[in-house]
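Written out below as structure tokens is the structure these notes cover.
The sequence lines fix the lettering, A, B, ..., with proteins before strands; numbering per chain opens at 1. All of these numbers come straight from a predicted model, not from anything done at the bench.
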Amino acid sequence: MFYNNNLLVNEVVMSDFTRHARTHTCGQLRAADEGKEVTLVGWVHRRRDHGGLVFVDLRDRFGVTQVVLNPQIDAAAHELAHALRAEFILQARGKVSHRPAGTVNEKLDTGEIEVYADHAQIISQSKTPPFVIEEGETPSEAVKLKYRYLEMRRGPLARALEMRHRVCMAARRYLDALGFLEVETPMLTKSTPEGARDFLAPSRLSPGKFFALPQSPQLFKQLLMVGGMDRYFQIVKCFRDEDLRADRQPEFTQIDMEMSFVDEEEVRRVCEGLIGEMFMAARAIKLDTPFPLISYADAMNRFGVDRPDLRFGMELAGVSALAAQCEFKVFKDALAGGGAVRGMAVPGGAAFSRKDLEDITNEAIQLGAKGLAWIKVTGEGYQSPIAKFFQTATLDGIREALGAGAGDLMVFVADSVKAGYAVLGALRLSLGHRLGLIDGAKLNFVWVVDFPLLEYDEEEKRYVALHHPFTSPKLEDIALFDTDPGKMRARAYDLVLNGSEIGGGSIRIHQREVQDMMFRALSIGPDEAREKFGFLLEAFEFGAPPHGGIAFGLDRICAILTGAESIRDVIAFPKTQKGACLLTDAPSEVAPRQLKELGLKRDLS
RNA sequence: GGGGUCGUAGUUCAGUUGGUUAGAACGCCGGCCUGUCACGCCGGAGGUCGCGAGUUCGAGUCUCGUCGGCCCCGCCA
């Protein structure tokens, strides 16, 4: 028993037989309601006990209303008030009154009025909560996750979930108006070889066999197109058993879409409208559309990543040709080994201390670089341990290529092309943040297009699909299947917002022959293709419409809309970085009987 | 699999060069208080310093291991 006061037991039992009704929510009453007899129910947000007079802030999702418990109005209610504690649920009936002059609380929407309780009862008691339910103070992540239901009462999470709901409703309204049908697809489905690791669900009725939870409804939405549904969408959970990040949870939500008889342009227009509706619903922001396009190659060359953050400059530049003229061994060796020298200008970086430079270098090394070369551009000239290996004319050329001016720092990575992108791309982001170059209020959308179709996987010694195996190559590139698959471009598009990939999709392959060629390019043999995707290949033999689609990361979009650092903050019950649920303690062991029924044996060796 | 960072009261955090009895704020408990709204005032309780081992005369502090939260690389659209 956790009652603070035994005298309340009767109240509690009695209250189970009364109607826990309310006439208004705690955020509803205004001066215009003065004189009304109302009943409120809510959590005791705060109690200010003056002895003879008690004020209670009653809180629900909709707001806070001050209830006054005055012995002259109702002695029993006033007596009860002394027993109230934080997070008790209180039902109070009474008259709405304008507050006395000078006591209006401007900070509350309901601050002009208060309710004089003529009857009050405790509906539910509460242990002292592990943290104070208040806007300002934030408990640590672990505490928030364990007591998620209390965190929800604190405000920010409730508002995030509310916004998420509005975003979803806007999406549904918009897509419905455009003739999309929301169709559900199976959660227990077939494991697919490409892509992320699957979550598996053992089948009791087929011992030894497994369902997989969908990484996305990809194949089903294509089958819906073959089925003539024409325009499909679904707000749907997807599952990928990979390591977590701030923007990655093992189960996450997509706004998944697919359309028949469309090209890239039409998909983008529909998406721009959709995103526009969601931003309007969430933040009353009108977006500039259409969003600009950038090619994958451009994004990589200028920003080092395929999801460029365009809110600030600091673009990368290749300086291999100029670097070839220097005597610096590191650069020469990298170039001789087929690598490249890339660099960027850091605004104001000439003022960096030795320690600053050391930190940046360590960061680059942590990101996979062998080292980081730097040259300060000062009013007097170039200042750097490696400047002596360069002729001044060469340095001038490099400075010009990077767009560096006096007071800036030039940094360089000499490595393989890929490693150079990775290091400088990440360094650009981190320096951009640290130097305050990023305007947090900006919303910078860009479509990344012209992705390569395939990427050579050194480990597996074969090509893998950059997007997925059902992405159509550009028609003019199809001949390259036989000659140079690595050069093929995909009919794919990613939508990037502020350096975060919020959606990606493609025009799909709808011809059996092309799909066969694709599998061949991926070294998926005919037998394996038939076993894994036979149903799709067969469907393509029955009049498959050309189609394409996209999936948006709802969690990421909501995180950006609320300014959250992590998608955890827009998910009601998220998991920790180790993929655990601190609230339910999942995953957990199961009874031996359950394993036996499924024909499973544990082997943790 | 790897790198970084954090773990001290219910919560958020401080704790010096290894040294006596580990502190603060909020919260909690008791008392007083009829216009507060982060109410105020008086008093009080509350600690396995994540866990384990080691170094030391002595460990919250140093070392190793381990568990957990967070960020990142790998992985993943």
Side-chain angles (χ1 to χ4, degrees), chain A residues 4-5 45-58 64-73 78 82 85-87 99-108 110-111 114 127-147 150 194-198 215-216 218 238-250 252 254 306-307 359 362-369 419 422-423 426 429-430 448 451 459 465-468 471 492-496 500-506 550-553 556 565-566 568 575-578 580 582:
Chain A
N4 286 317
N5 198 324
H45 186 55
R46 228 179 290 281
R47 181 188 61 136
R48 290 174 294 280
D49 188 344
H50 290 235
L53 188 68
V54 181
F55 298 95
V56 171
D57 288 341
L58 216 54
V64 171
T65 300
Q66 176 164 282
V67 175
V68 184
L69 299 121
N70 186 328
Q72 286 154 16
I73 306 239
H78 176 254
H82 292 299
R85 294 292 182 272
E87 302 308 307
R99 293 196 187 186
T103 64
V104 168
N105 186 346
E106 313 246 334
K107 282 182 275 183
L108 286 183
T110 61
E114 57 196 358
K127 289 209 286 193
T128 300
F131 52 89
V132 187
I133 312 294
E134 190 164 20
E135 289 278 329
E137 206 142 305
T138 54
S140 69
E141 198 65 24
V143 175
K144 281 203 275 191
L145 292 178
K146 173 154 190 206
Y147 296 98
L150 297 181
E194 303 284 299
R197 204 173 286 119
D198 284 322
Q215 297 177 24
S216 81
Q218 182 61 35
C238 302
F239 305 87
R240 289 176 193 164
D241 187 9
E242 299 292 347
D243 287 4
L244 288 78
R245 289 285 188 282
D247 62 351
R248 266 161 43 189
Q249 286 268 310
F252 59 100
Q254 290 190 340
D306 62 358
R307 45 183 171 97
D359 288 349
N362 286 339
E363 193 172 345
I365 289 168
Q366 168 61 25
L367 289 164
V423 173
L429 265 188
S430 121
V448 181
F451 282 86
E459 247 172 65
L466 200 71
H467 195 67
H468 56 54
T471 297
Y493 31 79
D494 277 3
L495 184 59
V496 173
S500 178
E501 187 214 316
I502 60 167
S506 60
I550 194 165
F552 287 103
R556 287 181 186 178
E565 298 278 325
S566 164
R568 284 190 304 275
K575 293 185 169 50
T576 68
Q577 182 143 66
K578 287 222 164 73
L582 295 183

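Regarding contacts with the backbone of B:rA38, every side-chain N or O of A:R48 stays at 4.0 angstrom or more from both OP1 and OP2. For the OP1/OP2 pair of B:rC37 and a distance below 4.0 Å, the side-chain nitrogens and oxygens of A:T103 include no atom meeting the criterion. Checking the phosphate oxygens (OP1, OP2) of B:rC71, a side-chain nitrogen or oxygen of A:R568 falls inside 4.0 Å. Close to B:rC37, at under 4.0 Å from its OP1 or OP2, lies no side-chain N or O of A:K107. The shortest distance between the side-chain N/O atoms of A:Q215 and the OP1/OP2 oxygens of B:rC76 is not below 4.0 Å. Residue A:R85 places at least one side-chain N or O closer than 4.0 Å to OP1 or OP2 of B:rC29. In this model, the phosphate group of B:rU34 is not approached by any side-chain N or O of A:Q72 to a distance below 4.0 Å at OP1 or OP2. Using a 4.0 Å cut-off, no side-chain N or O of A:T128 falls inside it from OP1 or OP2 of B:rG27.
In this structure, the aromatic ring of A:F131 is not positioned over the six-membered ring of the base of B:rU11 within 5.5 Å between centres and 30° between planes. A stacked arrangement is not assigned to A:H50 and the six-membered base ring of B:rU36, the conditions of a centre distance below 5.5 Å and an interplanar angle below 30° not being jointly met.
With P as the reference atom, B:rC67 and B:rU56 are 27 Å apart, rounded to whole Å. Nucleotides B:rG54 and B:rC71 are separated by 31 Å at their C1' atoms, to the nearest Å. The same atom, P, is picked in B:rG50 and in B:rC37; the two are 38 Å apart, to the nearest Å. Comparing the same atom, P, in B:rG46 and in B:rG30 gives a spacing of 16 Å after rounding to whole Å. Going from the P atom of B:rU11 to that of B:rA59 covers 26 Å, rounded to whole Å. Taking atom C1' on both nucleotides, B:rG52 is separated from B:rC57 by 23 Å, rounded to a whole Å.
Using a 4.0 Å heavy-atom criterion, one finds that A:P130 contacts the sugar-phosphate atoms exclusively. If you check every strand for non-hydrogen atoms under 4.0 Å, A:H468 touches nothing.
In terms of position on RNA chain B, the residue among A:Q254 and A:A422 whose nearest nucleotide sits closer to the 5' end is A:A422.
A side-chain donor-acceptor contact under 3.5 Å links A:H78 to the backbone of A:G52.
B:rG60 is unpaired under the Watson-Crick or G-U wobble criterion, no partner having all donor-acceptor distances under 3.5 Å. Base-pair partner of B:rG65: B:rC51 (Watson-Crick or G-U wobble, both distances under 3.5 Å).
With respect to A:D57 and A:R48, a salt bridge is recorded, a charged nitrogen being found less than 4.0 Å from a carboxylate O.
Side chains of A:S430 and A:E363: a donor on one and an acceptor on the other come within 3.5 Å.
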